[in-house]
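Take a look at the structure set out below.
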Amino acid sequence: MTDAVEFLVPSPKKAAWVIDVAQGTVSWSNPTAKNRFGEALGVSRDGLTYIDRELKDDLTQFLSQSDKSALLCFHWLIRDVSNTLYRCTASVISLGENHHGFSVEAYVCPTEVSNHLPRYYGRKSLPESLNSLIFMTFSCDGERLFLSRRAENLFPAVQSIKDLFAVSGAASYFIQRVKFDLVVQQELRLSTSDGVRWFKLEAHVNPDNGNVDLFAQDIQEVRDLEVELYKWQNYDELTHLPNRHLLYQQLEKAKNNATKRNRRFGLMYLDLDGFKVVNDTFGHRVGDKLLQEVANRIKNTIPPRSCLYRLGGDEFVVVLEHIQDIQELVDIAAEINATCEQTYPVSEMEMVITASIGIACYPEHGEDIDSLLKNADAAMYRSKASAHNGCLLYDAGMTECYSAYLTLGGGLRKAIEEGQFELYYQPKIRSTDEYAVGAEALLRWHHPEWGMIPPDQFIPVAEESGLILPLGEWVIRRACQHIQEWQSLGLPPINVSVNLSGRQFLQHDLVDIVQGILTETKIDPKYLELELTESMLMSDAHETIKKLHAFREMGIMLSIDDFGTGYSSLAYLKKFPIQSLKIDRSFIQDLGVDSDDDAIVKATIAMAQSLNLKVVAEGVESRSQMNLLTNYQCQEVQGFLFAKPMSSTDFVEYLNNRGPDLEAFIDPETL
Ligand SMILES: Nc1nc2c(ncn2[C@@H]2O[C@@H]3COP(=O)(O)O[C@H]4[C@@H](O)[C@H](n5cnc6c(=O)[nH]c(N)nc65)O[C@@H]4COP(=O)(O)O[C@H]3[C@H]2O)c(=O)[nH]1
């Protein structure tokens, strides 16, 4: 195969030499010939290089065929010092009066050709000797005169030279060139009995009769290889999308077009949220399948004038040319977000994955390709840090945030080691008597330089980097230690809920870790509650149910957080052994103002009760919201109306004032 490629792209430094036939010597050779062939050119004796005896005889005989020999070349095979096969092509030249020689050039010879190549041609038996090659002769008018056996098999219907060609325009051009140049070499597509294939053609006009001798070499395999190579360099193997290499090319073109025509084009940087977790948990085969599905979905969502690229991993870029205004980009990104988040049936699972998108527009957000890419990337990171499955348009302040985001990752690691984290507690209030009967543990990071960093900003970074696993374990341990401390202070035992992150929930030994912490802190498991989100339950129902049952068997309470923002299917929730659900604060916010939210909250509470689930409303800020929730028989509430999250010390004081008396205390589990 390599031979064939080399054959088509001969080295710029061709080996060439001249043979004096009468003397049987190489009378001149260029350095390439000397270096490449050494003694294969001939044996050195008395300062001369003598060619092989047999070759001398053949050349002499060839010459003796009078003038006819000059019309064709004499060919033979030779091996270079590294044993590579070359084809020598010798043309008759004059070395003085009645003194002839040969000018020789050597080309790498593909093995498949060498197998069929006769030692020479140009004698009477020429056509017969060429039967295994694709050789044809046409009259000066292009009429078929002779086809070798192999040519006959390939082109049985050919009557005229132009019938050979797949494209008639190419035929006329080639024939015209042959007429003018007399010797033509060209790569063209011919119509064979096997379909259209690429050939390397070599045509010579016979000066005696004007006939055209045509040699063809089938190079379809080489072409296929070249196409493969192009695909390999420019397309992603998994999704078949164009890759980074083509992206840069298209961006350059898009920029030039936009500058010339005073137009805009847009760039979207897409990164899947938590894809690493999918890969780590379900393996690369499932991850790959999911990537293919996502890529297909995005491809079908974007407008026809745009193009999707895969940069690698879970990163994609969309380029959109001819944008009228920036809002168009935002709308398309929102559409991508919406289609991405639908479930994906992968390996008999209903998988969920979302994408964070950063948008940059030329020329507003960068005048060169690198700045545009960098800024779209920064916007994507910003979007990911604020919430998953969102999109953000770049603005100049983001580059700063971006570097802060990157340093957060490193800072997080140090923060765990240096104990910069603290758990705050927000009371959960029983609606009937407004006593604090539980609390939610909320993580706080006291950064030595930046002060308090809210969890919304660092939890996504911790998720992405995997640091959520040690951090999440620390949260569960610390919450259990506090439960134990409060009980030893004589406070009524209350239930404390801890948020689990998606990646943490997928951790294969999570059940063992929690069991270890319970044993270590010696608390009754019923006082620990794990808050899960709907999307965690959707990823792999079978594994999830197994894990949830293991927690339930240990006596741990389970709840669904942010209910209403995901699948909101109560029927689906029936499958899981959970005890309560928390209505997301976005529904509570407009309670009494937005009748839709009222209806949703009312229906959720009613349905949850029919499933024997406790309902907690979060984000209660006003008395009117509280009154409505009590009316709808929501059992517990949480919100700034009662208390903001507070440190453990403050919470102890709070419980002393607002918690139920020990005697009057009702065990939360009996609610
Ligand atoms: N506007 C308003 N907000 C209220 C009100 N009542 C409570 N909140 C806030 O709502 C969030 C409730 O927590 P979440 O939905 O689980 O949402 C949490 C949770 O998803 C995540 N998070 C916090 N701690 C942890 C943790 O230890 N592990 C994990 N995985 N996530 C955590 O960060 C999110 C945000 O936590 P926070 O900033 O502490 O924000 C808390 C809380 O301060 C109210 O009346 N009005």
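In what follows, every heavy atom counts, from backbone to side chain, and hydrogens, waters and symmetry copies are set aside. Predicted model, so just to flag it, every value in this text is computed and none were measured. Both ligands and their constituent atoms are indexed starting at 1 by order of listing.
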To the nearest 0.1 Å, how far is [atom] from its closest protein heavy atom, and which atom is that?
atom                    : value
atom 20 (O) of ligand 1 : Asn499 OD1, 4.3 Å
atom 12 (C) of ligand 1 : Glu618 OE1, 3.8 Å
atom 24 (N) of ligand 1 : Leu443 N, 3.0 Å
atom 34 (C) of ligand 1 : Asp456 OD1, 3.3 Å
atom 6 (N) of ligand 1  : Gln426 NE2, 3.0 Å
atom 5 (C) of ligand 1  : Phe640 CE2, 3.3 Å
atom 18 (C) of ligand 1 : Leu442 CD2, 4.2 Å
atom 43 (O) of ligand 1 : Pro645 CG, 3.4 Å

| Any N/O of Ile468 closer than 3.5 Å to an N/O of ligand 1? |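 Ile468 vs ligand 1: no N/O contact under 3.5 Å.
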| field | CD (Glu653) with more than 12 external heavy atoms under 6.0 Å | value |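 Not buried by this count: 12 neighbours or fewer within 6.0 Å.
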| said: Counting neighbours of CG on Asp325 that are heavy atoms of other residues, nucleotides or ligands and sit closer than 6.0 Å, is the number greater than 12? | reply: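 Buried by this count: over 12 neighbours within 6.0 Å.
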List every atom of ligand 1 that sits less than 4.0 Å from any heavy atom of [X], numbering the atoms from 1 in the order shown and giving each element.
X      : answer
Val475 : 27 (O)
Ile459 : 28 (N), 29 (C), 31 (N), 32 (C)
Asp562 : 15 (O)
Ser501 : 30 (N)
Asp561 : 14 (P), 15 (O), 16 (O)

Option with minimal heavy-atom separation from [atom], where the choices are [options]:
atom                    : options                        : result
atom 11 (C) of ligand 1 : Glu531, Arg585, Arg478         : Arg585
atom 1 (N) of ligand 1  : Lys582, Glu440, Glu621, Gln638 : Glu621
atom 38 (O) of ligand 1 : Ser586, Gly639, Pro455, Ala441 : Pro455

Whether the [X] and [Y] side chains hold a donor-acceptor pair (N or O, under 3.5 Å, no angle test) is what I'd like checked.
X      : Y      : result
Thr521 : Gln481 : no
Asn627 : Thr630 : no
Glu463 : Ser501 : yes
Tyr425 : Glu440 : no
Thr533 : Asp561 : no

| said: I'd like to know if Glu293 pairs up with Lys289 as an ion pair, taking the criterion as any Lys NZ or Arg NE/NH1/NH2 lying under 4.0 Å from an Asp or Glu carboxylate oxygen. | reply: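 Salt bridge between Glu293 and Lys289, a charged N being under 4.0 Å from a carboxylate O: yes.
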| message | What I want to find out is whether Lys374 reaches Asp377 closely enough, with some N-O distance under 4.0 Å, to be called a salt bridge. | response |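 Not counted as a salt bridge, because no side-chain N and carboxylate O are separated by less than 4.0 Å.
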| request: Please check if a non-hydrogen protein atom sits closer than 4.0 Å to atom 45 (O) of ligand 1. | output: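 Yes, there is a protein heavy atom closer to it than 4.0 Å.
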| field | Check against salt bridge (charged side-chain N to carboxylate O under 4.0 Å, His left out), Arg477 and Glu520 | value | CA-CA 9 Å; Arg477 178 170 288 105; Glu520 194 183 302; 2.7 Å; yes
| At the 4.0 Å heavy-atom cut-off, does Gly619 count as touching ligand 1? |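 Gly619 counts as a contact of ligand 1 under the 4.0 Å cut-off.
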| Qualifying residue for side-chain contact (heavy atoms from CB on, under 4.5 Å) with Ser497, from Met557, Gln638, Lys428 |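 Only match with Ser497 under side-chain contact (heavy atoms from CB on, under 4.5 Å): Lys428.
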| message | Using salt bridge (charged side-chain N to carboxylate O under 4.0 Å, His left out), reason through Arg623 and Glu434 one step at a time and then give a plain yes or no. | response | CA-CA 12 Å; Arg623 188 41 71 181; Glu434 299 196 356; 2.8 Å; yes
